[in-house]
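Report on one structure; see the data block that follows.
Here the structure is a predicted model, which is why all the values come from computation and not from measurement. So that the names make sense, note that chain A is the first sequence line, chain B the second, and so on, each numbered from 1.
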2 protein chains.
Amino acid sequence: MNDSGNVTPLLTPANRRRFPPYCPPVECSACALLALCRMAGLGVDETRLAEVVGRKRPVARGAEVHRRERRSVIAVRSGALKSEMPRPGGEAQIVAFHLPGELVALAAADEEGEPEVRTVALMPSEICELPVSDLPGFAPEEAARFHLRLAQDATAALLAAQRTLAWTRGEGAEARLAGFLLDIAARFASRDLPAQAFRLPMPRRDIANFLGLAEETVCRLFRRFHGRGWIAVSGKRIVLRDPARLRTVAAGTAADAGTSRRA
Amino acid sequence: MNDSGNVTPLLTPANRRRFPPYCPPVECSACALLALCRMAGLGVDETRLAEVVGRKRPVARGAEVHRRERRSVIAVRSGALKSEMPRPGGEAQIVAFHLPGELVALAAADEEGEPEVRTVALMPSEICELPVSDLPGFAPEEAARFHLRLAQDATAALLAAQRTLAWTRGEGAEARLAGFLLDIAARFASRDLPAQAFRLPMPRRDIANFLGLAEETVCRLFRRFHGRGWIAVSGKRIVLRDPARLRTVAAGTAADAGTSRRA
DNA sequence: CGCGTATTTGAAGGGCCTCAAGTATAGTGG
DNA sequence: CCACTATACTTGAGGCCCTTCAAATACGCG
């Protein structure tokens, strides 16, 4: 009953190593928090840096990520997280996934009361936490540079959110899912993690929620892409076989797709 | 042919003043840029402040908003703008509307090359531009506070973008349009501008683009809401007659609406 | 006051959702 | 290490909501 026919099976022993159960840790050199970490460690040795930055704090699957310090920035070291926001009358809406090397909790860096955004671990993960205020031994000039960098990171996150908003509105379900796969792959690639064959950190249900589709539709789309030879799928294990085609589909101008009038 | 029946006409001479052709200017006291303006004017008189901040620069309808300074923040004083981002294979996607008193160009504050986001005036507008760097006579401590405030504004913008992402995915077209009207009204209200009866700054086409719907659908929805007495519509002129009902609809749990399974 | 743009309306079709089970996977505990 | 069980993933049929295409009308800017 496998309509994928003769494509290479994903579960051969040789392929086992390509699909580790969890997202592997990133090197500090590929982490978005690196610049801030370095500034926090200005003129101090590595030992001191380790004190300032909470390294490799573990988070259990399904556990909510809380900030220890009142104002701090968090980065994912291994695993993956999701950020969700409550909607007026129903289920929470996922607004972002956080892969290794990416920043979290920036949006809430200056919140006081109950945070609007809930961040939850999709699998056993490790996070690094860097306090934003009350940094010891900071000269005013250093503080100015640090805060400027913080502002730059925040605007970068804003730009990323707007990009997400743009391709997420792609015409049709196929365009959205293709864009999603390419987005995940590009983000893995930018952190020096395998980006052609990987394990999706999130269940179909979360993908559907994020893309504004029904869970069943996402399922059918995966099988459809698989059947067309664009990807290979086995549960959460994914191999991108034809990224160029996926890009075409994501653009909404796929071969047989009609033009859409959606403004 | 008007199925609105006996609702009060919107175009009576008495109502003319309630629907000025353009969005009226906000007071500085209600502007999101105020805090940064004040910090930029630390210890200097109002005349000096006027020098630092480019006040009331006019932008023609349809004209693109460019930053004069390499790094600066822009606020809308009167009128309205839209920010759009190109999509892989088609029309640009509108990611935000900017009403009087709101910030723009934060997302691109540190961009160097060609900006990804295009910001265009929806009507004749006035903007204020505040340079972010090279501020004259700034002590390091002042610079630190200024940059921290900048970071806070950026994270606030990120949070706003995530909120938008959340309610924009609302179940069904009705929920989205109801949410849209309430969002616009709330933003007018927070700037001390009339929020119960106002003129929409953008055409149907842009609303449809922003909400991920077809232009015709938005039209039909406006008439439907009108027919049910929830709002009164005449072109861009809007009166919210039953905000409570709109909130219910926006929640997706409207009286006759079935539950949705969209994850 | 006229022309261009924006808004409106109708009819028909298709894509995605809904409901309902069945199957496979992975996390858990013995 | 293996059985067990809860969760995640699939698959099928039917129907509604929204889109698409086409064209008329109203509004507003110059």
May I ask you to evaluate whether [X] reaches the phosphate of [N], defined as a side-chain N or O under 4.0 Å from OP1 or OP2?
X        : N      : value
B:Thr217 : D:dT19 : yes
A:Arg223 : D:dT11 : yes
A:Arg237 : C:dA26 : yes
B:Arg199 : D:dC27 : no
B:Arg205 : C:dA6  : no

Checklist entry - Starting at the 5' end of DNA chain D and moving along, which residue's nearest nucleotide shows up first, B:Gly172 or B:Tyr22? => result B:Gly172
Between [atom2] of [N] and [atom1] of [X], the distance in whole Å:
X        : N      : atom1 : atom2 : answer
A:Glu171 : D:dC18 : CD    : P     : 16 Å
B:Asp206 : C:dT5  : CG    : C1'   : 13 Å
B:Leu213 : C:dG15 : CG    : P     : 18 Å
A:Phe222 : D:dA8  : CZ    : P     : 15 Å
B:Arg61  : C:dG4  : CZ    : C1'   : 11 Å
B:Met123 : C:dT5  : CE    : C1'   : 16 Å
A:Leu200 : D:dC9  : CG    : C1'   : 13 Å
B:Glu215 : D:dT20 : CD    : C1'   : 13 Å

Checklist entry - Is a side-chain donor-acceptor pair under 3.5 Å present for A:Ser83 with A:Thr119? => result yes
Item to check | Sidechain N-carboxylate O distance under 4.0 Å for B:Glu102, B:Arg187 | outcome: yes
Checklist entry - Could B:Arg118 and B:Glu84 be called an ion pair, given the rule that one side-chain N must be under 4.0 Å from one carboxylate O? => result yes
Checklist entry - Judged by atom type as modelled, is there a donor-acceptor pair below 3.5 Å linking the side chain of B:His226 to the main-chain atoms of B:Val233? => result yes
Checklist outcome for this item: DNA chain C nearest-nucleotide lookup for A:Leu221 and A:Lys236: closer to the 5′ end is A:Leu221
Item to check | Most 5' of A:Gly235 and A:Arg224 on DNA chain C, judged by nearest nucleotide | outcome: A:Arg224
Checklist entry - Centroid-to-centroid, B:Phe210 to B:Phe97, below 6.0 Å? => result yes
Next on the checklist: Distance criterion of 3.5 Å, no angle test: do you see the side chain of B:Arg220 paired donor-to-acceptor with the base of C:dG10?
Outcome noted: yes
Next on the checklist: Counting only side-chain heavy atoms from C-beta out, which of D:dA22, C:dC16, C:dT18 sits nearest to A:Glu216?
Outcome noted: C:dT18
